[in-house]
Amino acid sequence: MSVFMIIMGIIMVIGGIVCVATPILTTFSLMHFFMILLFVTGITFLIESIRYRSVPNLILAILSLILGGFIVFSPSMSFVTETILLYIMAGWFLVRGIFGLVNVIRMRKEIGGGFFVLGLIVSILVIIAGIYSFIHPVLFAGALGIMASFYFIVEGIDLIAAGCIGGGNRMRPA
């Protein structure tokens, strides 16, 4: 297992370096995965909203299904879809931040002071990211590609380290 983890880590680091070289292309490729993720998230939120009778989650579920279904069921409009996806993702950040803010405020007493402040800060940052992404969609596309690239590199390094540590632990007697 350790050798496999090291090999996968090396592949992820190389993939991350390749993605850094083409951040906009990386973003457009990732957007297809984001839309599939939105579709799956919509189904999950729909089940949760029915189970817990939550209207905000029902609204979020419907929006997620519509946005996710847009790319899942119409991949042939590639360029138009990718351009629209930038605005859809920006809108998604904005809506998600607003719903996060509403949920944090509503759950203030249950989650306590520290988590309330953390949730408030994260929700506000997500709202700001959504607004900024509407204003500068190309910068948003490049930033997403670079963030994904660094994620691949960091996770690759983590896999390599875990593979090396796992191999070292097997050598020691118990």
Side-chain angles (χ1 to χ4, degrees), residues 1-45 48 60 63-64 67-68 70-72 75 78 81-101 103-104 111-112 114-172:
M1 187 65 159
S2 297
V3 174
F4 178 72
M5 289 174 70
I6 293 170
I7 291 170
M8 290 305 296
I10 292 169
I11 290 170
M12 285 186 73
V13 168
I14 292 169
I17 292 169
V18 170
C19 290
V20 166
T22 58
I24 304 266
L25 184 62
T26 300
T27 298
F28 288 139
S29 298
L30 288 173
M31 286 185 165
H32 288 51
F33 292 112
F34 286 146
M35 291 300 116
I36 292 169
L37 179 66
L38 280 175
F39 193 71
V40 172
T41 301
I43 293 170
T44 305
F45 280 157
E48 280 186 21
L60 202 56
L63 287 173
S64 295
L67 297 176
F70 181 73
I71 189 63
V72 170
S78 183
T81 302
E82 290 169 349
T83 305
I84 292 171
L85 287 177
L86 287 173
Y87 290 105
I88 288 173
M89 290 307 296
W92 174 251
F93 276 128
L94 190 61
V95 168
R96 188 69 177 114
I98 291 169
F99 275 98
L101 191 63
N103 285 334
V104 165
I111 60 176
F115 286 116
F116 170 73
V117 171
L118 179 65
L120 199 64
I121 290 170
V122 168
S123 296
I124 290 170
L125 287 175
V126 171
I127 291 170
I128 291 170
I131 292 169
Y132 189 77
S133 299
F134 270 116
I135 297 169
H136 298 289
V138 174
L139 184 64
F140 174 58
L144 277 177
I146 290 171
M147 286 188 296
S149 303
F150 285 123
Y151 174 77
F152 282 121
I153 292 169
V154 168
E155 286 301 315
I157 292 169
D158 187 46
L159 277 175
I160 293 169
C164 291
I165 292 169
N169 284 340
R170 248 190 270 139
M171 299 295 220
R172 286 189 232 149

TODO: Output all residues satisfying side-chain hydrogen bond (donor to acceptor under 3.5 Å, both in side chains) with Asn103, sequence neighbours left out; order by chain, then residue number.
DONE: Arg106
Task: Partner of Met5 under side chain to side chain contact (heavy atoms under 4.5 Å, CB included), chosen from Ile10, Ile160, Leu159 - done: Leu159
Open item on the list: Going by side-chain contact (heavy atoms from CB on, under 4.5 Å), name the residues that satisfy it together with Val122, two or more places apart in sequence or in a different chain.
Closed with: Leu118, Val126
Open item on the list: Taking the side chain as everything from C-beta on, heavy atoms only, tell me whether Phe152 gets closer than 4.5 Å to Ile11.
Closed with: no
Table please: side-chain donor-acceptor pairs of residues 128-137 below 3.5 Å, with sequence neighbours left out.
| unit_1 | atom_1 | unit_2 | atom_2 | d |
| --- | --- | --- | --- | --- |
| Ser133 | OG | Ala129 | O | 2.6 |

Task: Leu101 side chain reached by Leu120 side chain, heavy atoms, under 4.5 Å - done: yes
Task: Test ring-ring contact (aromatic ring centres under 6.0 Å, His included) applied to Phe93 - qualifying residues, sequence neighbours left out - done: Phe140
- [ ] Go through the structure and list residues passing side-chain contact (heavy atoms from CB on, under 4.5 Å) with Leu63, not counting sequence neighbours.
- [x] Ile59, Val95
Open item on the list: For a quick test of reading the model, state the closest non-hydrogen atom pair linking Gly42 to Ser64 and the distance between them.
Closed with: CA-CB, 3.4 Å
Could you give the side-chain donor-acceptor pairs of residues 13-21 under 3.5 Å, partners two or more places apart or in another chain?
none

Open item on the list: Measuring from atom CG of Leu60 to atom CD1 of Ile98, what distance do you get when rounded to the nearest 0.5 angstrom?
Closed with: 11.0 Å
